[in-house]
Number of protein chains: 2
Amino acid sequence: MDTPTRARGGRRRKMADRANTEAPAREVNYRKLRNPFPVMSAVSDDELANIHTTALRTLEELGIRVLLPEARQLFKAGGARVDEASQMVWIGREMVDAAVATAPKSYEIKAGDTKRDLLFELGSMVWQPGGGAPHATDLVRGRRPGSLQDFREFTQIVQALDAIHMISAMTEPQDVPTHLRHYAFAEAQLTLSDKVPFVFARGTPQTLDSFEMISTIRGLSEDDFRAQPWTYTVINTNSPRQLDIPMSQGLIDFARWNQPSVITPFTLMGAMAPITPVGAMMLSHAEALAALTLTQLANAGAPVMYGTFTSNVDMKSGAPAFGTPEHFKASLIAGQLARMLGLPWRCASGSAANINDAQAANENQFAMWGCMLAGATLTIHAAGWLEGGLTVSFEKLITDTEVLNMMADMCRPTMASEADIAFEALREVDPGGHFFGCAHTMERYETEFYTPLVADWSNFGTWTERGSKDASTRATAMWQQIVAEDKRPAVDPERIDSLNAFIRRRTSEGGAPPES
Amino acid sequence: MDTPTRARGGRRRKMADRANTEAPAREVNYRKLRNPFPVMSAVSDDELANIHTTALRTLEELGIRVLLPEARQLFKAGGARVDEASQMVWIGREMVDAAVATAPKSYEIKAGDTKRDLLFELGSMVWQPGGGAPHATDLVRGRRPGSLQDFREFTQIVQALDAIHMISAMTEPQDVPTHLRHYAFAEAQLTLSDKVPFVFARGTPQTLDSFEMISTIRGLSEDDFRAQPWTYTVINTNSPRQLDIPMSQGLIDFARWNQPSVITPFTLMGAMAPITPVGAMMLSHAEALAALTLTQLANAGAPVMYGTFTSNVDMKSGAPAFGTPEHFKASLIAGQLARMLGLPWRCASGSAANINDAQAANENQFAMWGCMLAGATLTIHAAGWLEGGLTVSFEKLITDTEVLNMMADMCRPTMASEADIAFEALREVDPGGHFFGCAHTMERYETEFYTPLVADWSNFGTWTERGSKDASTRATAMWQQIVAEDKRPAVDPERIDSLNAFIRRRTSEGGAPPES
């Protein structure tokens, strides 16, 4: 009787021969996903209702400070009580109810290619890379302030990884002056990727410049652009209970142009929010509802995303922590609140580790599972975040994407036909034998299993012979290859010329400084 | 207005002062856990029924080869068709049904301390370290064949980590001759730990020696020992469809002595089992039911654990892989089958990585989530496994336990009283302010959050000043400290003397070689 070991060589050759002639590729589609995982609750329905009611009471009784006069005017016109001296706005629950009623429960954001279009509704599962980091790091060049080159390379990598569905503000291109940065930022996204691009809400002039650049590259009239979402921004409230000028302006501008704001109170328990998960989520919920209300006052029916980013700090040092049990619980509560509203919503993963080690992997994956079991529609910082978001790591972007790929792979149904259950295959193989070469295996071996991205399953001897490379080192080779290949989406060269002409003109006009 | 950054120093000092005087410790109990996560299914109820029916048909029509004559006699006496020439046994479904009916749905294994006793039933959540590895590795001494010293140190570490609930055969003490190894193996477990010990099923003489050593250290008569479970073994079938001599003997001996066998077909898809998750699980189920039937034929009502360890191999190299989507799906199917039977069951985590890097962390955690969402009662290899089980890593034992701690922490209910929801705390803090020093925070800051085991949440500057240590390096310091502290459970010195006297006597008698 053959042992599995003896059989392998022969079968491997046989399989390789076959692979060269008639290999059917495994069908994988990590692009448009529905969440296959069960949802988990952290609080009871009564407790959930109490959190919601307390958030409404917070908006009515304690109010929120809104720094932008135009936003206060919108709130006032919508029926809110406003005190101009203190900039405080008190929002009645009927206003919030009306806003939730007009906020769309489902919408699509169009990308540069229909296969990259993204549906946002409860049940969709969309992932973004780590965003907003001042630094970039990799094993070759070390940790440094993020540059345009870093942002461009991150964009190339994101474009190459199907399980990362849209572009985030991975790192800040700090070598570009702030009045011109949004041009370089948009140009990189629109020429190196056909995925949904990100726009910073840093004042109306930059926003409108960005909308025009997207319209140019997508070939859209202003009406086309306004007809549906083509981009998005992220709006962080200034917790607790404050909306600053650029964030308020962003909510208004994006709503008026029918583009979604991803509303994200960044409510670190014990720091900018109460120390309890339910307390922090109550504050986050109140702020998100206030911001959501502003979008609907600006343009009833405008797409918007409910959201939160709630984790805890280390109470000994004040340092933020991610991928903790409290982060997980906050995500679960946010999911319960979002399902109560019926709205698509964003959550966040992340890690506080300083390098791409076991801690970094564990925190990110633990936080991801919190988001998945919470039923998050959009999970930001799903790959690459180190140092609680101060750095995006090229290697971690790759190693975290392995986890995303495996989660995405769970969307494939488990085939369970009579043939899959394999009674006849058992008949083929004697007791103590093996299935390497049986017909049941030969029919399926090329397509049955997940193919790893960066994981190395070779044995210790082979792995040692190949240089004892850890996952991060292997990831370096992978992102370097992606960057070197420089695969770009097909874009009409005339549109690229128009984009460049627009950027030249606006640059000569002095650009657009950020507003604050 | 204070910024959070400015406030931190002062608050930190205030908290530290308070911590020195009146610190209430956070109450954590990782010892006796109920699974707080939702269960997930991979196949429909109809498909599940089909898998079960096909497994029964496999036992009836294809049969299983049983190498131990005594086991064949038991099967025959129970009504099975037996062919002595081929050693094949065909088992009718009514025999399987009867065995499932008498197998207990709930039982406890007693440890050396009641707080270490473990309940096994659907809903319990028990974790074991990686087991059965021929090698041990750490960052100081490198990778080497496992020794008694390694096993002793692993036992000390397992004893120190509450979220690891029982002892496994972490590594094989290969420097002890095989006829004496089980004495050293038991002595280490029984003197260095009060957690439930493991016994290898390597023939009746070694088993009975081990039972006697456990009885000696626990102060039990033979009747006391037989009255309930005090230890356990793991029984791997020789997939496909074969039960070898020591495994069959173990099932019989442990059942007769009322100690549980953890039945574990190790059914690697595409190698020892069909390539499909449902096919591999159908085979695993058939084998587990056959083994379970043997235990009940040997002693109806004996405690037993249903189980599986089903993952896939890399079809290019034949190398086993763990923490893959296929492993995850197999775990889910196993959970569905176990719930159908109503029996406690074991599942397994693991990693094929060669060092404790991001891959190692990600695979282990991914597989753990498969087990948790499958509702596994006992998860083996929950921490420390590298190289698909060829090595247990001292550092990975620590870094994986961080994930176990965080999962265990999810068992704490999310407190959601009016005070937790924190409306009054919001009233205390102005818009844009912070919660570091408010009364709501001060009342809770010492107990609200999870305290990390090995994660370092310090910022990049502090982390660099402290030597830029990655998680594995920090884990080294941690296990070295545990080993150096050498904290032992309180055991009556007379019992230890009796144990040593027994070992001396049996050694002088020639010990007990393993049987096969």
Side-chain angles (χ1 to χ4, degrees), chain A residues 4 8 38 40 42-43 47 54 65 238 240-242 270-271 274-276 278-279 282 312 314-315 318-319 321 324-326 329 352 354 356-359 361-362 365 369 387 399 403 406 409-410 414 416 420-423 425 429 431-432 440-441 444-445 448-450 455 457 460 463 470-471, chain B residues 4 8 38 40 42-43 47 54 65 238 240-242 270-271 274-276 278-279 282 312 314-315 318-319 321 324-326 329 352 354 356-359 361-362 365 369 387 399 403 406 409-410 414 416 420-423 425 429 431-432 440-441 444-445 448-450 455 457 460 463 470-471:
Chain A
R8 269 173 214 171
M40 179 174 174
V43 296
E47 290 164 342
T54 308
R65 184 185 285 159
N238 312 98
R241 295 191 292 123
Q242 186 163 287
I275 193 167
T276 50
V278 292
M282 187 276 281
N312 58 300
D314 177 0
M315 293 309 292
T324 63
E326 288 72 34
K329 286 180 183 177
N354 286 290
N356 188 28
D357 61 357
Q359 176 188 341
N362 276 332
Q365 188 179 156
W369 282 106
E387 300 175 40
T399 55
V403 176
M406 295 202 293
D409 219 81
M410 291 299 299
T414 304
D420 293 312
I421 293 174
F423 182 81
V429 179
H440 189 262
T441 301
R444 292 169 175 81
Y445 74 94
E448 191 63 33
F449 298 148
Y450 169 72
W457 296 338
F460 190 81
W463 176 79
D470 71 1
Chain B
R8 267 174 213 170
M40 179 173 175
V43 296
E47 290 164 343
T54 308
R65 185 186 286 159
N238 312 98
R241 296 191 289 125
Q242 186 163 288
I275 193 167
T276 50
V278 292
M282 187 277 281
N312 58 301
D314 177 359
M315 292 309 293
T324 63
E326 288 73 34
K329 285 179 183 175
N354 286 290
N356 188 28
D357 62 357
Q359 176 188 342
N362 276 333
Q365 189 180 156
W369 281 108
E387 301 175 38
T399 55
V403 176
M406 294 203 294
D409 219 82
M410 291 300 297
T414 304
D420 293 312
I421 293 174
F423 182 81
V429 178
H440 188 263
T441 301
R444 291 170 175 81
Y445 75 95
E448 191 65 32
F449 298 148
Y450 170 71
W457 296 339
F460 190 81
W463 176 79
D470 70 1

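Below, read A as the first sequence line, B as the second, and so on, with proteins coming before strands; counting in each chain starts at 1.
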- Donor-acceptor contact below 3.5 Å, side chain A:Q359 vs main chain B:A455: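 Pair absent, no side-chain N/O of A:Q359 close to backbone of B:A455.
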- Message: Within this structure, what is the CZ-CE distance for the pair B:F449 and A:M315, rounded to the nearest 0.5 Å?
- Response: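 So the gap between those two atoms works out to 6.0 Å.
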- Message: Counting heavy-atom pairs under 4.5 Å with chain A, which one of B:G270, B:A425, B:A352 comes out on top?
- Response: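 Max contact count across the listed options: B:G270.
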- Task: Look at B:V43, B:V278, B:N354, B:T276 and state which one has the largest set of heavy-atom pairs under 4.5 Å with chain A.
- Result: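 Winner by heavy-atom pair count: B:N354.
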Nearest heavy-atom pair of [X] and [Y]: which atoms, and what distance?
{"X": "B:A471", "Y": "A:D357", "answer": "N-OD2, 2.7 Å"}
{"X": "B:M282", "Y": "A:I421", "answer": "CE-O, 3.1 Å"}
{"X": "B:I275", "Y": "A:E448", "answer": "O-CG, 3.4 Å"}

Check whether any side-chain heavy atom of [X] sits under 4.5 Å from a side-chain heavy atom of [Y], and report yes or no.
{"X": "B:E47", "Y": "A:T414", "value": "no"}
{"X": "B:E326", "Y": "A:D409", "value": "yes"}
{"X": "A:K329", "Y": "B:M410", "value": "yes"}
{"X": "B:W463", "Y": "A:E387", "value": "no"}

- chain B: which of A:T399, A:D420, A:D470 shares the most heavy-atom pairs with it under 4.5 Å?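 Between A:T399, A:D420, A:D470, the count favours A:D420.
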- Message: So which residue, A:P240, A:A422, A:P38, A:A358, ends up with the most heavy-atom pairs under 4.5 Å with chain B?
- Response: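 Option with the top pair count is A:P240.
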Counting only heavy atoms closer than 4.5 Å, note whether [X] contacts chain B via side chain, backbone, both or neither.
{"X": "A:N238", "answer": "backbone"}
{"X": "A:M406", "answer": "both"}
{"X": "A:V429", "answer": "both"}
{"X": "A:W457", "answer": "both"}

